[in-house]
Amino acid sequence: MTAVAVTSLEERIKARARAMGFEPVGITRLGPASTYDAFDRWLEQGFAGEMTYLPRGAAKRRDTTLPFAGVRSAVVVALNYGGKQPAGSIARYARGDDYHDVMLARLDELQEWLETECGGAVRAKAYVDTGPILERDLAQRAGLGWIGKNTMLINPKRGSFFFLGALFVDLELEPDAPFEADHCGNCTRCLDACPTGAFVAPHVMDARRCISYLTIEHRSEIAPELQPLMGELLYGCDICQDVCPWNRKFATEHGDTALAPRPENLHPDPQDLVDLTDEQFRARFARSPIKRAKRAGIARNAAIAIRNQSVSGEPSIGMGFAFRVDDD
C-alpha cells in the first residue's frame, strides 16, 4: 500500500494562498509588535506630516491580539505588482486596479476556504493597509523578509515590489521562523538616491520630504523648495526601490491580470490631468488607488510636473533619475 502524505494545516493554508497568487506566504503568532516603539518615536518626531490618522488605534498597533477577542495567528501574504515595468510618472503599484480590492477579496476567499477545511466557523479579519496594523513588522515575524534601510520589506528572492496583507484568525497555528538577518549591509543606494533627502537615517524616513507622501497624502501646498526636486512624478515614487540591488537582481513582471497597468496610466499627459473635472476624475480613476490623492491633489502634482518640464526641457530629477538607473 502506498503511503499518503499528510500535510499540516499550516502547509495547506500556505499552499492555498500561493494558488491564489500570493507569494511569499508565512504565518506568525500575534502579540506585541517589536517595531511599535520605533513607530511611536517616528510619530513623536512629526515625520508623519499631515497623516493625522496614524496615531489612532495605537493599542492595536502595539498588541496585535486586540483587533477581536480570541484572535491568535496571522497568515501574512505578499502579492507581486511587478518591478520590471519601465519607470514612469505614476508609481508601478498604482497603474492598475486598486490593490486593496484585489487582495481583500482574495483574503476573504481564503477565510471561506479555511472554514471549509476546518469544518466550521473561523473568526477572521483581513488587513491590507486598512487598519492600525504594522504590516512589515508582521511580515518580518512571519519570515517574509527584512525591513530595509528604505523602510520597505525586502525578500531575498523577490526584492520589494509587492503588497502586503494579513488574515488574522482565531486559530492557534504553528508559526514560521522570523526573518532575523539584515542583508542591506553597507549599501546606501536607496538613501543616496532620494531626490528630496527624505531619509534622515537608515530605516528612518521623514514622510514630509518623501515624494510618495507629497503626491498622495499631503493635501496642502507643497513646499516651494521641494517642488523642483519632484521632477515629473505625478503619483508615488519608485526611486528608492529602483536602485536597490535586490530589486535589480530579483524583481519580476507582475504576472497578475488583476494588477495589469491601465494604458492611460503608463504615459499620462500632465495637462490632461490638470484639466479634469470632478466627474471626469471619478470616471478615469474609478477602482484605482490614484483616487486617494483626489482631483485637487492630482491637478496640483501635474501643475508642478509641467513647471519642472518647462524649466528643464527634458525629464528631470525624479522620473528621469529612475530611467538613468534602469539603463546600466
Side-chain angles (χ1 to χ4, degrees), residues 3-31 33-34 64-65 67-68 70-83 93 99-131 133-147 152-181 183 246 250-259:
V4 178
V6 177
T7 57
S8 66
L9 175 61
E10 290 81 2
E11 290 304 316
R12 297 199 303 278
I13 290 172
K14 288 185 280 189
R16 179 64 179 182
R18 292 187 184 104
M20 298 169 69
F22 294 127
E23 182 68 28
V25 182
I27 293 172
T28 186
R29 294 261 175 83
L30 297 175
S34 59
T64 53
T65 64
F68 63 87
V71 65
R72 293 290 180 267
S73 308
V75 182
V76 187
V77 301
L79 183 63
N80 173 42
Y81 61 82
Y93 87 88
Y99 67 96
H100 300 92
D101 299 336
V102 173
M103 292 187 71
L104 286 171
R106 293 185 188 182
L107 289 171
D108 288 344
E109 182 184 336
L110 183 61
Q111 178 190 357
E112 293 174 3
W113 172 87
L114 189 53
E115 289 182 325
T116 300
E117 195 74 4
C118 293
V122 174
R123 290 196 67 196
K125 184 174 180 58
Y127 289 98
V128 181
D129 295 337
T130 50
I133 301 299
L134 298 175
E135 284 95 344
R136 281 166 290 184
D137 184 280
L138 281 176
Q140 186 169 18
R141 286 164 52 192
L144 273 63
W146 76 96
I147 300 174
M152 303 297 293
L153 191 90
I154 303 174
N155 179 276
K157 295 181 180 179
R158 291 173 178 82
S160 63
F161 285 106
F162 50 77
F163 304 115
L164 291 174
L167 184 67
F168 284 29
V169 296
D170 64 349
L171 300 174
E172 198 79 53
L173 299 175
E174 186 65 26
D176 289 299
F179 202 102
E180 303 284 5
H183 293 295
W246 295 95
F250 294 111
T252 63
E253 302 293 345
H254 65 85
D256 194 315
T257 56
L259 299 174

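Count residues from 1 along the sequence. Excluded from the calculations below are hydrogen atoms, water molecules and symmetry mates; all remaining heavy atoms, backbone and side chain alike, are included.
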Q. Ring centroid separation for F168 and F68, is it under 6.0 angstrom?
A. no

(Q) Students often mix this up, so state it plainly: with edges at 30° and 60°, are the rings of Y81 and F163 parallel, tilted or perpendicular? (A) tilted

(Q) For H183 and F179, take the angle between the two ring planes, folded into 0 to 90°, and tell me which bin it lands in: parallel under 30, tilted 30 to 60, perpendicular over 60. (A) perpendicular

So do the side chains of [X] and [Y] get within less than 4.5 Å of each other, counting heavy atoms only?
| X | Y | answer |
| --- | --- | --- |
| L79 | L259 | yes |
| F250 | P156 | no |
| P67 | L30 | no |

Indicate the atoms forming the closest heavy-atom contact of [X] with [Y], along with that distance.
| X | Y | answer |
| --- | --- | --- |
| A251 | F161 | CB-CD1, 4.0 Å |
| A142 | D176 | O-CB, 3.6 Å |
| L9 | E117 | CD1-CG, 4.0 Å |
| A17 | V77 | CB-CG1, 4.4 Å |
| V169 | A124 | CG1-CB, 4.0 Å |
| V128 | G165 | CG2-CA, 4.2 Å |

Q) Which residue pairs pass the salt bridge (charged side-chain N to carboxylate O under 4.0 Å, His left out) test with at least one member in residues 154-172, sequence neighbours excluded? A) E23-R158, R29-E172, R72-E172

Q.
Assess the residue pair Q140 and R136 against the criterion (side chain to side chain contact (heavy atoms under 4.5 Å, CB included)); give the C-alpha distance rounded to whole Å, side-chain angles, the decisive distance to 0.1 Å, and a yes or no.
A. CA-CA 6 Å; Q140 186 169 18; R136 281 166 290 184; over 6 Å; no

Q: State the SG-CZ distance between C118 and R12, to the nearest 0.5 angstrom.
A: 8.0 Å

Q) How far apart are the C-alpha atoms of T116 and E112, what are their side-chain angles, what is the distance that settles it, and do they pass the side chain to side chain contact (heavy atoms under 4.5 Å, CB included) test? A) CA-CA 6 Å; T116 300; E112 293 174 3; 5.8 Å; no

Q: Apply side chain to side chain contact (heavy atoms under 4.5 Å, CB included) to the pair I13 and W113, showing each step before the final yes or no.
A: CA-CA 9 Å; I13 290 172; W113 172 87; 3.8 Å; yes

Q) For A258, which residues count as a side-chain contact (heavy atoms from CB on, under 4.5 Å) partner, sequence neighbours excluded? A) V102, R106, D256

Q) Does the side chain to side chain contact (heavy atoms under 4.5 Å, CB included) test come out yes or no for L153 and F162, once each step is laid out? A) CA-CA 9 Å; L153 191 90; F162 50 77; 3.9 Å; yes

